[in-house]
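Numbering starts at 1 and runs along the sequence shown. In each ligand, atom 1 is the first atom listed, and ligand 1 is the first ligand listed.
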Amino acid sequence: MDFKHQVSSSGSLAALQADALLVIVDASAGGNTVDASLDAKLAAPINEAIAHGDFALKAGRALYLHRVAGVKAPRVVVAAAASGTAKAFKTAVANGLAQLKGGGAKHVAVALASAGDLGAAHAQALVAAAGDATYLYRHTKPSAPAASAIAKLTLVCDKAQAKAVQSGLAVGEAIGAGVELARECANRPGNHCTPTFLAEQAKKLAKDHGLKVEVLDRKAVEKLGMGSFLAVAQGSDEPLRFIVARYEGAAKTQAPIVLVGKGITFDTGGISIKPAAEMDEMKYDMGGAASVLGTLRAVAELKPKLNLIGIIPSCENMPSGRAVKPGDVVTSMSGQTIEILNTDAEGRLILCDALTYAERFKPAVVVDIATLTGACVIALGHHNSGLFTADDALAADLLAAGQSALDPAWRMPLDEEYDDALKSNFADMGNVGPRAGGAITAAMFLRRFTAKYRWAHLDIAGTAWKSGAAKGATGRPVPLLTQFVLSQAK
Ligand code: BES
Ligand code: MN
Ligand code: ZN
């Protein structure tokens with residue numbers, strides 16, 4: 001999709017050349033008529049619809065009008081926003097675009113009814129809404145409906161806003177491409193999206209966007225002493241992969257940001273096998289890995305002056321005669337031993353060795369991203385990702401990035417007291433604690449491998465995909481991560 005900005009005033013929208021005009025009205029102003037500054041040729045039919053009860057200036061409402069007299073664009077949609085924020089703008093744009101779904105409009109011009117604050121954040125939000133409105137998984141579904149006709153979106157702004165809008169569109173487009181890559185990888189079923197497939201995606205990314213990539217196989221992982229990662233992988237016939245991809249945008253001497261993504265391409269639970277219901281959704285257990293690839297894609301396009309490394313430990317978690325058993329003790333790359341009390345707590349077992357591996361890069365900061373615990377879904381639902389870090393400045397940066405990219409996270413505790421849950425009589429630690437506080441115990445486990453650098457953990461179990469009728473990957477938290485990486489360049 002093509003995104004442009006166009007300088008025009010809300011008073012002259014009728015003359016605008018487009019297949020459809022989407023007018024966003026800020027409903028927080030109250031009243032029963034749209035802004036007086038809006039082009040009268042548009043204001044008149046909208047106000048008439050309001051007067052007749054066919055439309056209301058209430059957030060969530062949208063109205064389609066066809067061939068409005070004196071308006072060049074043959075289709076007009078009005079959508080009410082709850083406020084003037086980028087977040088409300090995004091929701092209203094999404095509602096407006098839904099009115100055009102399945103229609104013939106190729107070029108949609110989006111404008112505010114009033115000359116309100118329109119900045120980079122709104123532009124970024126527009127691109128995100130457009131991506132959500134038009135993305136469709138089709139790789140294994142040949143009968144999927146035809147792609148959306150919408151091919152071009154223009155954001156109407158005034159002269160003073162043009163520069164910010166333009167840069168917002170560019171950031172939005174890069175994030176959008178990253179989100180799409182993440183969704184596409186995560187939506188592929190486990191028999192398509194294997195560790196080998198993820199490694200191929202990383203190689204393709206490297207080739208197309210000038211990244212450096214290295215893929216380690218079982219032998220190399222054995223040599224590194226990743227006994228914990230190997231224990232998870234040993235139950236599967238699908239070969240493991242350990243992927244390292246680098247974006248170099250600054251001098252080699254500059255400490256890199258490292259992102260570590262959980263790449264379990266299918267999680268059966270292993271010998272501690274999961275119940276059958278909804279187990280298909282465990283194909284999404286590589287959502288962290290997908291978000292790392294998506295973020296690398298976005299960052300490679302925006303070229304900030306910094307170094308970024310993505311690390312992805314990837315394998316399946318399967319039961320078999322060779323699978324790791326409850327009670328088995330393994331030695332991690334760090335030298336610490338782990339009693340695997342529950343083979344379904346496998347994410348932390350592959351991440352801990354990747355976190356130890358990250359030490360060699362002397363990172364400025366390490367963020368791991370994982371669909372780690374069902375407990376995080378219970379705690380936070382599907383709106384916020386769980387953020388765990390002992391570093392207040394890092395927490396602030398990640399939370400701010402999530403807010404500004406409209407991909408929010410919520411900080412969770414990491415008090416020392418929670419560490420007791422990991423005590424084991426047979427190893428340095430167990431891999432699980434009691435049910436209570438399960439998301440925190442998982443983070444406390446990871447923390448034991450991160451003493452050498454600044455570290456944060458994002459549990460995306462509730463945000464990486466949607467269940468039910470709209471089942472599908474969300475591409476989160478690519479927006480948060482990309483915004484965070486960009487913020488570190490300044
Ligand atoms: N991949 C799952 C976490 C998960 C479960 C995410 C359901 C989203 C929905 C993870 O590997 C897992 O199985 N975690 C266990 C940990 C437990 C055994 C301590 C869980 O959450 O049940
Ligand atoms: Mn599991
Ligand atoms: Zn898992």
Give a yes/no answer: is there an N/O/S atom of E346 under 2.8 Å from the Mn ion (ligand 2)?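 Short answer: yes, at least one N, O or S atom is under the cut-off.
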Counting only heavy atoms from other residues, nucleotides and ligands, does the tally under 6.0 Å from [atom1] of [X] exceed 12?
{"X": "R435", "atom1": "CZ", "answer": "no"}
{"X": "K101", "atom1": "NZ", "answer": "no"}
{"X": "K87", "atom1": "NZ", "answer": "no"}

Short check: any N/O/S atom of K262 below 2.8 Å from the Zn ion (ligand 3)?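 Given the 2.8 Å cut-off, K262 counts as a ligand of the Zn ion (ligand 3).
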Charged N to carboxylate O under 4.0 angstrom, [X] versus [Y]?
{"X": "R448", "Y": "D419", "answer": "yes"}
{"X": "R411", "Y": "D392", "answer": "yes"}
{"X": "K305", "Y": "E248", "answer": "no"}
{"X": "D208", "Y": "R297", "answer": "no"}

Distance-only N or O hit between ligand 1 and [X], under 3.5 Å:
{"X": "T371", "result": "yes"}
{"X": "G374", "result": "yes"}
{"X": "N342", "result": "no"}

Look at the side chain of [X] and the backbone N and O of [Y], then say whether any donor-acceptor pair between them is shorter than 3.5 Å.
{"X": "R322", "Y": "Q234", "result": "yes"}
{"X": "T450", "Y": "W455", "result": "no"}
{"X": "T194", "Y": "G190", "result": "no"}

Does the protein place any heavy atom closer than 4.0 Å to atom 1 (N) of ligand 1?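 True for atom 1 (N) of ligand 1.
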Return the option from M282, E281, R435, R348 holding the heavy atom at the smallest distance from atom 7 (C) of ligand 1.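 Going through M282, E281, R435, R348 one by one, M282 has the nearest heavy atom to atom 7 (C) of ligand 1.
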Hey, looking at atom 13 (O) of ligand 1, which of D344, T373, I460, L349 has the closest heavy atom?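 Comparing heavy atoms across D344, T373, I460, L349, the nearest one to atom 13 (O) of ligand 1 lies in D344.
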Using a 4.0 Å cutoff against the non-hydrogen atoms of [X], which atoms of ligand 1 qualify?
{"X": "E346", "result": "11 (O)"}
{"X": "D285", "result": "1 (N), 11 (O)"}
{"X": "V432", "result": "19 (C)"}
{"X": "K262", "result": "1 (N), 10 (C), 11 (O)"}
{"X": "L372", "result": "2 (C), 3 (C), 10 (C), 12 (C), 14 (N)"}

Among all protein non-hydrogen atoms, which one is nearest to atom 6 (C) of ligand 1, and what is the separation to 0.1 Å?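 Scanning the protein heavy atoms, the shortest distance from atom 6 (C) of ligand 1 goes to A461 CB, 3.6 Å.
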Which protein heavy atom lies closest to atom 8 (C) of ligand 1, and at what distance to 0.1 Å?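 Protein heavy atom at minimum distance: W465 CH2, 3.4 Å.
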Restricting to N/O/S, name the atom of D267 that gets closest to the Mn ion (ligand 2).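 Sorting the N, O and S atoms of D267 by distance to the Mn ion (ligand 2) puts OD2 first.
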For the Zn ion (ligand 3), which N, O or S atom of [X] is at the shortest distance?
{"X": "D285", "answer": "OD2"}
{"X": "D267", "answer": "OD2"}
{"X": "E346", "answer": "OE2"}

Please confirm whether F266 comes under 4.0 Å of ligand 1, counting heavy atoms of the residue only.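 Under 4.0 Å: no for F266.
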Over 60° means perpendicular and under 30° means parallel, so classify the ring planes of H139 and H192, tilted if in between.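 Rings of H192 and H139: perpendicular, as their planes differ by over 60°.
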Less than 6.0 angstrom separating the ring centers of F361 and Y453, yes or no?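 Here the rings of Y453 and F361 have centres that are no less than 6.0 Å from each other.
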